[in-house]
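Naming convention: chains lettered A, B, ... in sequence-line order (proteins, then strands); numbering from 1 in each chain. Just so we're clear, the structure is a prediction, and the values are computed from it rather than from any experiment.
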Amino acid sequence: MKIATWNVNSIRARMERLCAWLAAQAPDVLCLQETKVEDNVFPALELESLGYHAAAYGQKTYNGVAVLARQPFDDIVRGFGDGIEDAQARFLVVRVGKLRVGSLYVPNGQAVGTDKFRYKLAWLERWRAWLATHADVSQPLVFCGDINVAPEDRDVHDPEAWRDQVMCHPDERAALAEVRRWGLVDVFRQLNPDASQYTWWDYRQLSFPKNRGLRIDHILCTQGMAAGCRSVVIDRDARKGQAPSDHAPVVAEFADL
DNA sequence: ATGGTTGCTTAGCAA
């Protein structure tokens with residue numbers, strides 16, 4: 001089974017690229033982030049014609065996540081359901097057969113010390129709490145998405161320039177480590193222990209041709225599932241050419257799923 | 001040089 005994640009930075013602006021990519025890569029499951037559309041205008045019919053079921057959790061202008069899959073879903077969860085008032089559409093979990101799949105768009109945090117950064121840290125803790133109360137570590141479960149945290153310095157093109165900045169700050173790295181401590185494996189790092197490869201490059205200052213990027217899009221799964229992971233590839237080609245997203249897709253292959 | 005690019009919405013925000 002091929003499971004992928006891609007922050008498309010507006011599904012409407014990226015529809016042509018998305019359809020071409022689905023046809024070329026043929027993932028079984030694709031998690032999308034920053035769709036930026038409300039659910040009633042999500043382009044489900046067009047995706048259906050390519051052979052994908054879609055579950056969406058979106059809003060106008062900002063945020064928005066979705067899962068596409070060859071198989072139909074059941075058990076769709078939108079938001080943490082933790083009683084906290086939150087209009088931001090960033091958390092969607094579905095069941096595809098025996099597998100649970102989450103598509104996540106972790107808050108960016110804007111700058112360390114701001115309200116948005118505090119919201120990011122609180123959001124990561126809410127994710128951890130959701131796992132503790134709603135998930136089973138012994139079952140196949142995968143969370144894919146734009147996590148907006150580069151876990152280690154080797155995930156950063158220039159660690160000194162990024163030291164203590166948003167996406168690299170020790171507090172958010174610690175918060176992500178707490179989430180993972182529940183029992184999630186970063187399968188890219190598991191299979192590529194020495195790689196410095198990135199998934200996001202700023203649109204500005206020729207960041208992509210200079211490869212000034214960060215690895216902030218992740219595929220995190222339970223250990224039993226991670227044991228069946230055969231490869232994880234960052235599709236850098238999808239960041240090239242006219243009108244790309246600022247993120248590249250990440251694609252993982254799993255045996256026995 | 002406190003910039004720079006993109007998307008949504010239409011001037012300013014978010015990333």
Side-chain angles (χ1 to χ4, degrees), chain A residues 5-21 31-43 46-47 56-66 79 85-92 103-124 127 144-151 155-158 160-169 171-173 175-176 198-218 234-250:
Chain A
T5 186
W6 195 6
N7 178 327
V8 289
N9 186 19
S10 167
I11 194 168
R12 286 179 291 188
R14 221 63 63 203
M15 202 56 189
E16 196 176 330
R17 267 183 177 264
L18 173 59
C19 291
W21 191 85
C31 295
L32 297 169
Q33 300 86 34
E34 281 205 85
T35 52
K36 300 186 178 180
V37 287
E38 292 178 299
D39 296 350
N40 61 350
V41 287
F42 189 88
E46 202 171 344
L47 295 164
Y57 179 43
Q59 64 184 94
K60 212 174 181 180
T61 313
Y62 304 118
N63 310 318
V65 287
E85 186 74 27
D86 191 346
Q88 300 193 29
R90 298 178 175 276
F91 183 92
L92 171 68
S103 182
L104 292 190
Y105 179 43
V106 175
N108 170 282
Q110 195 168 61
V112 175
T114 61
D115 284 347
K116 289 193 173 107
F117 190 74
R118 284 184 282 278
Y119 173 72
K120 179 182 198 173
L121 294 179
W123 199 97
L124 288 164
W127 177 20
C144 302
D146 178 357
I147 307 302
N148 264 321
V149 179
D155 300 311
V156 181
H157 69 88
D158 184 347
E160 290 316 314
W162 281 88
R163 183 78 55 216
D164 294 340
Q165 300 297 304
V166 71
M167 297 191 275
C168 298
H169 192 274
D171 290 353
E172 54 194 304
R173 285 177 167 175
L176 177 59
Y198 314 123
T199 64
W200 168 83
W201 301 261
D202 198 297
Y203 281 125
R204 296 167 287 190
Q205 297 185 295
L206 301 172
S207 296
F208 181 67
K210 292 176 176 173
N211 198 28
R212 298 175 152 283
L214 303 179
R215 191 174 72 89
I216 56 175
D217 299 84
H218 303 300
I234 298 167
D235 184 7
R236 216 173 172 282
D237 287 346
R239 179 63 173 78
K240 297 175 180 173
Q242 289 295 306
S245 168
D246 46 352
H247 295 252
V250 184

J.: Starting at CG of A/Asp146, measure out to NE2 of A/His218 and round the result to the nearest 0.5 Å.
T.: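 A/Asp146 CG to A/His218 NE2: 8.5 Å, rounded to 0.5 Å.
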
J.: Sequence neighbours left out, what passes side chain to side chain contact (heavy atoms under 4.5 Å, CB included) with A/Ala248? Give chain and number order.
T.: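 Applying side chain to side chain contact (heavy atoms under 4.5 Å, CB included) to A/Ala248 gives A/Trp201, A/Ile234, A/Arg239.
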
J.: Taking atom P in both B/dA1 and B/dG12, what distance in whole Å separates the two?
T.: 27 Å

J.: Knowing that exactly one of A/Lys36, A/Arg90, A/Gln33, A/Glu34 qualifies, which makes a side-chain contact (heavy atoms from CB on, under 4.5 Å) with A/Asn63?
T.: A/Arg90

J.: Say you pick atom P in B/dG3 and the same atom in B/dC13; how far apart are they, in whole Å?
T.: 13 Å

J.: In Å and rounded to the nearest 0.5 Å, what is the CE to CD1 distance from A/Met167 to A/Ile147?
T.: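 The CD1 atom of A/Ile147 is 13.0 Å from CE of A/Met167, to the nearest 0.5 Å.
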
J.: Take atom P in B/dA14 and the same atom in B/dT9, then report the distance between them in whole Å.
T.: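 Result for the P pair: 14 Å, nearest Å.
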
J.: Please list, chain by chain and in numerical order, all residues satisfying side-chain hydrogen bond (donor to acceptor under 3.5 Å, both in side chains) with A/Arg12, sequence neighbours excluded.
T.: none

J.: Taking atom C1' of B/dG4 as reference, at what distance in whole Å does atom NZ of A/Lys210 sit?
T.: 10 Å

J.: Under the side-chain hydrogen bond (donor to acceptor under 3.5 Å, both in side chains) rule, collect the residues that match up with A/Glu160, sequence neighbours excluded.
T.: A/Arg163

J.: By side-chain hydrogen bond (donor to acceptor under 3.5 Å, both in side chains), which residues pair with A/Trp123, not counting sequence neighbours?
T.: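 Expected list: none.
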
J.: Where along nucleotides 6-15 of chain B does protein come under 4.0 Å, by heavy atom, of base (B) or sugar-phosphate alone (S), with - for untouched nucleotides?
T.: SSSS---BSB

J.: If you write DNA chain B from 5' to 3' in dot-bracket form, with Watson-Crick or G-U pairs under 3.5 Å, [ ] for crossing pairs and | for pairs with another strand, what do you get?
T.: ....((((...))))

J.: Would you check if the side chain of A/Tyr198 reaches a backbone N or O of A/Arg212 as a donor-acceptor pair within less than 3.5 Å?
T.: no

J.: Say we look at B/dA11 and B/dT6: how far apart would their C1' atoms be, to the nearest angstrom?
T.: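 It comes out at 15 Å once rounded to the nearest Å.
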
J.: Using the P atom as the point on both nucleotides, what is the distance between B/dT5 and B/dT10, in whole Å?
T.: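 The same atom, P, in both gives a distance of 23 Å.
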
